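Start at 1 with the first residue, then count along the sequence. Keep in mind it's a predicted model, so treat the numbers as computed, not measured.
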Amino acid sequence: MNLIQQILRAILFLILAFFGLVMAFVFMASTALAIGVLYIVARLKGRPFGVKAYWAERRRSAMPTGPGAWSRGSQPARERDVTDIEMREIP
(Lines give C-alpha, C1' and ligand atoms only; values in the text may rest on other atoms or scores of the structure.)
Protein backbone atom coordinates (compact mmCIF):
# COMPACT_ATOMS: atom_id res chain seq x y z
CA MET A 1 0.00 0.00 0.00
CA ASN A 2 2.85 2.37 0.84
CA LEU A 3 4.47 1.69 -2.53
CA ILE A 4 1.25 2.59 -4.37
CA GLN A 5 1.00 5.90 -2.46
CA GLN A 6 4.60 6.78 -3.34
CA ILE A 7 4.00 5.99 -7.00
CA LEU A 8 0.84 8.11 -7.06
CA ARG A 9 2.67 11.00 -5.37
CA ALA A 10 5.49 10.74 -7.90
CA ILE A 11 3.02 10.75 -10.79
CA LEU A 12 1.21 13.77 -9.34
CA PHE A 13 4.55 15.56 -8.87
CA LEU A 14 5.55 14.87 -12.47
CA ILE A 15 2.19 16.11 -13.77
CA LEU A 16 2.50 19.35 -11.75
CA ALA A 17 6.11 19.81 -12.88
CA PHE A 18 5.05 19.34 -16.50
CA PHE A 19 2.31 21.97 -16.20
CA GLY A 20 4.78 24.35 -14.54
CA LEU A 21 7.16 23.82 -17.43
CA VAL A 22 4.38 24.51 -19.94
CA MET A 23 3.42 27.72 -18.11
CA ALA A 24 7.05 28.88 -18.04
CA PHE A 25 7.35 28.22 -21.78
CA VAL A 26 4.16 30.20 -22.49
CA PHE A 27 5.47 33.10 -20.40
CA MET A 28 8.82 33.11 -22.21
CA ALA A 29 7.17 32.88 -25.63
CA SER A 30 4.76 35.74 -24.91
CA THR A 31 7.62 37.90 -23.60
CA ALA A 32 9.69 37.20 -26.71
CA LEU A 33 6.69 38.05 -28.90
CA ALA A 34 6.11 41.35 -27.06
CA ILE A 35 9.78 42.33 -27.40
CA GLY A 36 9.67 41.45 -31.10
CA VAL A 37 6.63 43.66 -31.62
CA LEU A 38 8.30 46.54 -29.77
CA TYR A 39 11.44 46.11 -31.89
CA ILE A 40 9.48 46.15 -35.15
CA VAL A 41 7.48 49.23 -34.11
CA ALA A 42 10.68 51.05 -33.10
CA ARG A 43 12.32 50.19 -36.43
CA LEU A 44 9.29 51.36 -38.41
CA LYS A 45 9.29 54.68 -36.55
CA GLY A 46 13.03 55.04 -37.08
CA ARG A 47 13.91 55.07 -33.41
CA PRO A 48 16.60 52.94 -31.77
CA PHE A 49 15.40 50.02 -29.70
CA GLY A 50 17.15 49.49 -26.41
CA VAL A 51 17.13 50.27 -22.73
CA LYS A 52 19.44 53.27 -23.01
CA ALA A 53 17.33 54.85 -25.74
CA TYR A 54 14.13 54.21 -23.79
CA TRP A 55 15.42 55.84 -20.59
CA ALA A 56 16.97 58.75 -22.49
CA GLU A 57 13.61 59.43 -24.13
CA ARG A 58 11.79 59.16 -20.79
CA ARG A 59 14.25 61.54 -19.16
CA ARG A 60 13.85 64.07 -21.96
CA SER A 61 10.05 64.05 -21.75
CA ALA A 62 9.99 64.22 -17.94
CA MET A 63 12.35 67.18 -17.53
CA PRO A 64 10.67 70.27 -16.12
CA THR A 65 11.15 73.58 -17.86
CA GLY A 66 11.30 77.15 -16.71
CA PRO A 67 13.25 79.01 -14.03
CA GLY A 68 13.48 77.14 -10.75
CA ALA A 69 11.75 74.07 -12.13
CA TRP A 70 13.77 71.66 -10.03
CA SER A 71 13.47 73.65 -6.79
CA ARG A 72 10.72 72.65 -4.42
CA GLY A 73 10.66 75.82 -2.41
CA SER A 74 7.67 77.18 -4.31
CA GLN A 75 5.46 74.20 -3.48
CA PRO A 76 3.72 73.86 -0.14
CA ALA A 77 5.01 71.06 2.09
CA ARG A 78 1.87 68.94 1.67
CA GLU A 79 2.12 68.83 -2.14
CA ARG A 80 5.77 67.73 -2.25
CA ASP A 81 6.58 64.10 -2.96
CA VAL A 82 8.49 62.17 -0.32
CA THR A 83 11.75 60.97 -1.86
CA ASP A 84 13.72 59.97 1.20
CA ILE A 85 12.86 58.86 4.69
CA GLU A 86 14.87 58.38 7.85
CA MET A 87 14.13 55.51 10.18
CA ARG A 88 15.19 55.28 13.80
CA GLU A 89 14.76 52.57 16.36
CA ILE A 90 12.92 53.71 19.43
CA PRO A 91 14.07 51.78 22.50
Nearest heavy-atom neighbours spanning P48 and A42: O-CB, 4.4 Å
Kindly list each side-chain donor-acceptor pair under 3.5 angstrom involving residues 11-31, sequence neighbours excluded, with atom names and distances?
unit_1 : atom_1 : unit_2 : atom_2 : d
S30    : OG     : V26    : O      : 3.2
S30    : OG     : F27    : O      : 2.9
T31    : OG1    : F27    : O      : 2.8

Connecting only ILVMFWY residues whose side-chain heavy atoms lie within less than 4.5 Å of each other, what is the rest of F49's hydrophobic cluster? I35, L38, Y39
Which Ile, Leu, Val, Met, Phe, Trp or Tyr residues join V41 in one cluster when any pair of side-chain heavy atoms under 4.5 Å counts as a link? V37
